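Everything numeric in this text was worked out from a predicted model, so none of it was measured. First the proteins, then the strands, lettered A, B, ... as listed; each starts at 1.
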There are 2 protein chains.
Amino acid sequence: MFHEENGPDMSLSPLASLSPDADARELATVLARAILSGHWNPGDGFPRELDLCRHFAVSRNLVRNALASLTSAGLIERSAGRGSWVREIGDWHLLDPQMSVWMTGLETTHPQLMREIFAFRLSAEPHVAELAAQAADAEDLARLERAWNGMRDSAGDPKRRNEHAECDVAFHAAVYRASHNLVWRQMGHLLRPSIIALIQHSQRRAGDLDDSLERHRRVMEAIRLRQPQAARLATAQVLERTADDLSKASSTVASSSSIPELQGPGL
Amino acid sequence: MFHEENGPDMSLSPLASLSPDADARELATVLARAILSGHWNPGDGFPRELDLCRHFAVSRNLVRNALASLTSAGLIERSAGRGSWVREIGDWHLLDPQMSVWMTGLETTHPQLMREIFAFRLSAEPHVAELAAQAADAEDLARLERAWNGMRDSAGDPKRRNEHAECDVAFHAAVYRASHNLVWRQMGHLLRPSIIALIQHSQRRAGDLDDSLERHRRVMEAIRLRQPQAARLATAQVLERTADDLSKASSTVASSSSIPELQGPGL
DNA sequence: TACTATTAAATGTCTGACATTTTGACAAGC
DNA sequence: GCTTGTCAAAATGTCAGACATTTAATAGTA
């Protein structure tokens, strides 16, 4: 007897429940967020297809489609005859837009991932703003202005915090897009989990909010006036303010503004 | 009669043939490369599942798995009852590692994509090298040296051109990885199609090769000596040489070093 | 010990059927 | 003429069961 049919199924315990009429997309979301929450260590075996079928009461086909999504995001690896297992964090496709969606809805944000993403933004975004100041057209400016107006109008109101966060995302995404390079533009997807997680967990004072708004406005203005250096500086100052909020929000005062080093061996 | 059962099936004509024992991965590759080659315009309808089944003589299941890959790469969009259609180039997930694999094997390289990717490298890679010079450890240096030695040993030999290209890719990927940031590291996947396409299509003279080797060596040395500014400059000069080779290789002397602007409206 | 055949477990694929979503045609009613 | 409701067709989404293939462990044998 190799089955553990009636056992407690420990490996399935971290899985949330699923609505009864779920489709493959929802199932993939549940599974992905369980991995992103760190419920499995890299190299750990992932539940077998049939176990997942029983646990969620869905067909094997649906499970396979969901697992295919996780595979294409680099979260798991599969092999006929051997099973599925969780890949190490360095192999995850952080730039897959699907990953952004999964990360955004996470209740407990993955601290290491957030540090990595923010460190990336810190090193890249000022330069993106510089490119944007060289290439932005009228449409880009309109997008920036729409997003900024949304931030201004929803500032300070606790009921409109989600709206404020979305406008914040839209603003930064508009900067990436204004670079008029398809690769940078794709990278804008990375912003959502980073910004949402921050806004949700930080309690800003009104003064901080005004200051943040003003710094965003300077970025927009520099891009409008085609001043690359000014745009670079203004963006760096926006991120500096964000880093402040971040260190206030997190109980552990990590060095969020220096490039964190980790991920030693690898293979 | 709405079926066009026996028609010439024009929409299937750009599809290459498939080996008889193909799996979903191969089928996805054939379909993806057909799209990447530009055989469909954005918004064009993609063949229906059953047509693809007949054309390739495979099961519907296999076709569906292949189409799921294309969907997760942002190449097509699907909707129950309406069918599948090709998305516009700005929505393609250029940073999906799977896309790099598909692009690399392409016979006719997609000129716009290659320009976009190279423009990105030109704007980002010097800064990545700067980060690498701050964060590289012994293992990173070993990887760089291994790759550079491979480039040196295979230089000039027409029979070892693929090997040379692979080492070139490995060198630049090692720089991205040495930044010790997971996001930049993932971005290293983007290098392969860019470098391979260039090496395959350019006929370098021996002197150019030596020069390229020397410039790569300077990058490695600057990283080893922890000299960020020198690493930045050296990388910029490597890319400058590459740009020269590019403009020699392409018959149309496009402005490959300026950020190309395109993609106007796009909702 | 070393090698081979067997068996079981897990994922990969095939087939056929039904469910759901979307669109268009058509007729009834105002 | 215009709207509205109903129906059918087309396309993708899901289910169920069977078989194929790959992998690892096991038992048997020289």
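- Side-chain atoms of A:Arg78 stay outside donor-acceptor range of the base of C:dG12, with no qualifying N/O pair under 3.5 Å.
- Across the protein-nucleic acid pair, B:Leu52 atom CG and D:dA11 atom C1' stand 13 Å apart, rounded to whole Å.
- Of the residues A:Arg177, A:Arg192, A:Glu125, the one that meets the side-chain hydrogen bond (donor to acceptor under 3.5 Å, both in side chains) test with A:His172 is A:Glu125.
- Put simply, CG on B:Asn65 is 9 Å from P on C:dG12, counting in whole angstrom units.
- Distances from the side chain of A:Glu49 to the nucleotides C:dT11, D:dA16, D:dA11 place C:dT11 closest.
- The nearest heavy atom of DNA chain D to B:Gly81 and to A:Asn61 marks one nucleotide each, and the one closer to the 5' end goes with B:Gly81.
- Judged by atom type and distance alone, A:Arg60 reaches the base of C:dG12 through a side-chain donor-acceptor pair under 3.5 Å.
- One atom, CG of A:Leu27, and another, P of D:dT14, lie 10 Å apart when rounded to the nearest Å.
- Whole-Å rounding puts the A:Trp85 CH2 to C:dA10 C1' distance at 11 Å.
- Relative to the side chain of B:Ser59, the nucleotides C:dC14, D:dA16, C:dT13 differ in distance, and C:dC14 lies closest.
- Between A:Ser194 and A:Met114, the closest heavy-atom pair is CA-SD, 4.2 Å.
- When atom types are taken as modelled, the side chain of A:Arg33 and the backbone of A:Trp102 share a donor-acceptor pair closer than 3.5 angstrom.
- Here the nucleotide nearest the side chain of A:Ala80, chosen from C:dT15, D:dT14, C:dG12, is C:dG12.
- Atom P of nucleotide D:dT21 and atom CZ of B:Arg25 are separated by 18 Å, given to the nearest angstrom.
- In this model, the phosphate group of C:dG12 is approached by a side-chain N or O of A:Arg64 to a distance below 4.0 Å at OP1 or OP2.
- Of the candidate nucleotides D:dT14, C:dT11, C:dC14, D:dT14 has the atom lying nearest to any side-chain atom of A:Asp23.
- Atoms CZ (A:Arg54) and P (D:dA16) sit 14 Å apart, rounded to a whole Å.
- Between the B:Trp40 side chain and the B:Ala34 main chain, no donor and acceptor come within less than 3.5 Å of each other.
- Between B:Ser79 and the phosphate of C:dT21, there is no side-chain N or O to OP1/OP2 separation shorter than 4.0 Å.
- The minimum heavy-atom distance between B:Gln186 and A:Gly90, with the atom names listed, is NE2-O, 3.0 Å.
- As rounded to whole Å, 12 Å separates atom P of D:dG13 from atom CZ of B:Arg82.
- A sub-4.0 Å separation between OP1 or OP2 of C:dA10 and a side-chain N or O of A:Arg48 is present.
- Listed pair B:Ser84 / D:dT12 meets the phosphate criterion, a side-chain N or O lying under 4.0 Å from OP1 or OP2.
- Computed from coordinates, the B:Leu50 CG to D:dA10 P distance equals 11 Å when rounded to whole Å.
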